[in-house]
Protein chains: 2
Amino acid sequence: MEETLRITRPDEAGAKGFDKVFAFLREQLLNGTIRPGDRLIAERELAVQLGVSRPVLREALRALAMLGVVEIRQGMGTVVRRPDVSVLGEFFTFVLAQQSDITDDVMQARIAIECQAVRLACQRAMESDFTRLREALARIEATIDEPVAGGLADFAFHQLLVEAAHSATLRSVYSAISDLLTRSHIARREVVRVSPEMRAHLVEDHRRIYIALLSRDERQVDETLREHFAIGHEFRLRNAMEAARRAPAPQENTE
Amino acid sequence: MEETLRITRPDEAGAKGFDKVFAFLREQLLNGTIRPGDRLIAERELAVQLGVSRPVLREALRALAMLGVVEIRQGMGTVVRRPDVSVLGEFFTFVLAQQSDITDDVMQARIAIECQAVRLACQRAMESDFTRLREALARIEATIDEPVAGGLADFAFHQLLVEAAHSATLRSVYSAISDLLTRSHIARREVVRVSPEMRAHLVEDHRRIYIALLSRDERQVDETLREHFAIGHEFRLRNAMEAARRAPAPQENTE
DNA sequence: GCCATACCGTGGTCTTACCAGTTGGCCCCC
DNA sequence: GGGGGCCAACTGGTAAGACCACGGTATGGC
C-alpha cells in the first residue's frame with residue numbers, strides 16, 4: 001500500500017502540501033501546543049518553517065478559520081480562537097439549503113444528548129436548576145396560545161434540562177444540534193396550528209419531566225423524556241399527513 | 001458605514017477578493033444555480049471570470065470544501081457535494097479538545113450517543129450489522145490478552161454498534177468523540193494491567209450487549225449497555241486509586 | 001481487436017512581486 | 001519638554017506566471 005516512497009521526503013509524515021500543513025496545525029491545536037489566545041507566527045516565516053509556499057499555508061489557515069479555530073486579521077496577525085457553536089451557522093445554512101429531511105436524523109442525536117443529560121442531571125442538578133426549570137414551566141404555560149413565544153419557551157425548557165447536567169461537552173453538542181433544529185423550524189414556518197387538546201397536553205408533559213427529575217430517578221426521567229419525544233414525533237407525523245398537499249411541513253411548538 | 005467607495009469598483013458587490021468569491025459561490029450554491037453533482041468549471045477559468053487570482057479562488061474553494069459543500073479531486077475537477085453532517089465531526093473535535101478535563105465529560109457524550117444508537121439499531125439493524133458484530137465479538141475474544149489489539153477490538157465493537165443505527169448524525173458525532181477519547185487513551189498510556197477476572201468479564205459483557213440487540217428490545221439493550229459502561233467506570237476508578245501515586249492514569253481496554 | 005503509451009485537462013504547488021491595513025517609533029512643531 | 005502627525009516596518013491580501021502530479025482519453029503499435 002505504501003507507494004514508492006519519495007526521494008525528496010520533505011520532512012515528516014507522508015502527507016504533503018496542504019494536507020501536511022493542515023495536519024500539523026490541527027495536531028498542534030488539539031495537543032494544546034498552540035492554545036486559544038496565542039498568536040501564530042507570521043505567514044511568511046511559518047511557510048518557510050513548514051517547507052511550503054505561502055499560498056498553500058494560507059489555504060490551510062483559511063480552512064481553520066472556516067472552522068472557527070483561528071481568526072485572521074489583516075495587519076494584526078492570526079490568532080487562535082476558542083471555537084464556539086456560532087461557526088455552525090454557516091455550515092447549517094448549506095445543509096438545510098438542500099436536504100431538509102436531515103432533521104429526523106439530527107433529532108436522534110438530540111434525543112441522545114438530552115436523555116443522557118437528564119440522567120446526569122439526576123446526580124448533579126442543583127436548586128438553582130430546578131428554580132429555572134420551574135420558571136420555564138410557567139412560561140410554557142403562559143405562552144401556550146402563542147406559536148412563536150410558545151416554541152421558544154418550549155425550547156428554553158429543554159435547554160435548561162441540558163444545563164442541569166453541568167456538562168460542557170453535552171452542552172456544546174446540544175447547542176449545535178438545537179441550533180440546526182431551530183433553524184429548520186424557522187425555515188418551514190408555515191405554521192400548522194396546534195390543536196387545543198395538544199396544548200394542554202404540552203404543559204402537563206413538561207411538568208411530568210420536571211417531577212421526574214425532582215425524584216432524581218435516572219430511569220424514570222429518561223423514560224418520561226422519551227415518551228415526550230415519542231408523542232411529539234407522532235404528532236408531527238400526523239400533522240405532516242394532514243398538510244401533505246401544500247408541503248411536508250411540520251409545525252413548531254411540539255417538543 | 002459604507003466606506004469611501006473605491007474608484008476601481010471591480011465588478012459587483014462591495015466585497016473584494018476572497019470575500020467576493022466566497023459570497024458569489026455561496027449565493028450560487030444556496031440559490032440552486034449550482035446544484036449537488038454539478039462540476040465547477042476549471043479553477044483557472046473561474047478565477048478569470050471572477051476577476052481574482054487563482055490562489056484566492058483556491059482559498060475560497062478550500063473553505064467550501066471544509067464545509068463539505070464541494071469536493072476537490074485532483075485531475076477530476078471540483079464537484080458540488082450534498083453536504084452532510086460529517087463535517088460536524090471535524091468541528092466537534094476542535095471544540096471538545098479545548099475543554100479542560102476532557103475525558104470524563106466527553107465520556108458522558110459518548111454514552112449518550114451510543115445508548116441512543118443501540119436503541120435506533122433495534123429498529124434498523126440489518127443482518128450484515130449482526131454479522132460484523134459477531135466478528136468483532138470474536139476478535140475481542142481472540143485478543144483478550146493483548147492490551148493494544150484488545151483495546152482496538154473493543155473500540156471496533158462499539159463503533160459497529162453505532163453503525164448499526166444507520167444514522168449519519170450519530171455516526172459523525174460519535175466519531176469525533178471517540179477520536180478524542182482515543183487521543184486521551186494514547187496520551188496516558190502508562191498501561192495498568194487488566195486483571196484476569198476482568199478479561200473474562202469483558203468478553204461476556206460484550207456478548208450480552210450483542211444478545212440484547214438481537215432481541216431488539218430498546219430498553220433492555222440500553223440498560224445492558226449502561227451497565228457495561230458503569231462497570232468500566234467503576235473499574236477505572238479502582239485502577240486510578242491503586243495507581244494513584246504515579247499518575248491519575250486509567251488504562252485502555254475497559255469499555 | 002486489444003493493450004500500452006502519449007497527450008491533454010485538471011487540481012497542486014512554488015515563486016516573486018506588490019497592495020493594503022496596523023502598529024509603533026521617530027521627528028517636528030508647538 | 002510634551003504632544004501630535006508622519007513615516008517605516010511589521011502584519012495579512014492579492015496578483016501573475018510557471019511548473020508538477022494525477023486522471024482520463026485518444027491514438028498509435030502490436
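Throughout, protein chains are lettered first and strands after them, A, B, ... in sequence-line order, and every chain is numbered starting at 1.
On a pure distance criterion of 3.5 Å, a polar donor-acceptor pair joins the side chain of A:Arg44 and the base of D:dG12. Donor-acceptor pairing under 3.5 Å, judged by distance alone, is absent between the side chain of A:Arg54 and the base of C:dT13.
Evaluation of the salt bridge (Lys or Arg N to Asp or Glu O under 4.0 Å) test over residues 158-167 of chain A, restricted to residues two or more places apart or in two chains, returns A:Glu163-A:Arg171.
Checked against side chain to side chain donor-acceptor pair (under 3.5 Å), B:Ser53 has no partners two or more places apart in sequence or in another chain. With sequence neighbours excluded, the residues satisfying side chain to side chain donor-acceptor pair (under 3.5 Å) with B:Gln123 are B:Glu218. Considering only residues two or more places apart in sequence or on other chains, B:Glu45 meets the side chain to side chain donor-acceptor pair (under 3.5 Å) condition with B:Gln49.
Less than 4.0 Å separates DNA chain D from no heavy atom of any residue of residues 61-73 of chain B.
Going from atom CD of A:Glu45 over to atom P of D:dT11 covers 8 Å, rounded to whole Å. Distance, B:Leu50 CG to D:dA15 P: 11 Å, rounded to whole Å. Between B:Glu43 atom CD and D:dG17 atom C1' there is a gap of 15 Å when expressed in whole angstrom units. Between A:Leu46 atom CG and D:dC10 atom P the separation is 18 Å, expressed in whole Å. Between B:Glu59 atom CD and C:dG11 atom C1' the separation is 16 Å, expressed in whole Å. Rounded to an integer number of Å, the gap from A:Phe22 CZ to C:dT13 P is 14 Å. Taking atom CZ on B:Phe18 and atom P on D:dG12, their separation rounds to 16 Å, with Å as the unit.
Taking the side chain of B:Met76 as heavy atoms from C-beta on, and the options C:dG12, D:dG23, C:dC14, the nearest nucleotide is D:dG23. Counting only heavy atoms from C-beta on, B:Gln74 has its side chain closest to D:dC22 among C:dC14, D:dC22, C:dT13.
Of the side-chain N and O atoms in B:Ser53, none sit less than 4.0 angstrom from OP1 or OP2 of D:dT14. For the OP1/OP2 pair of D:dG12 and a distance below 4.0 Å, the side-chain nitrogens and oxygens of A:Arg58 include no atom meeting the criterion. Within the 4.0 Å cut-off from OP1 or OP2 of D:dT11, not a single side-chain nitrogen or oxygen of A:Thr78 is found.
Comparing A:Gly75 and B:Pro55 by the nucleotide of DNA chain C whose heavy atom lies nearest to each, the residue mapping closer to the 5' end is B:Pro55.
Between the side chain of B:Arg124 and the backbone N or O of B:Ala165 there is at least one donor-acceptor pair closer than 3.5 Å.
Atom CZ of B:Arg35 has 12 or fewer neighbouring heavy atoms from other residues, nucleotides or ligands inside a 6.0 Å radius.
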Donor-acceptor list for residues 72-80 of chain A side chains, cut-off 3.5 Å, not counting sequence neighbours:
none

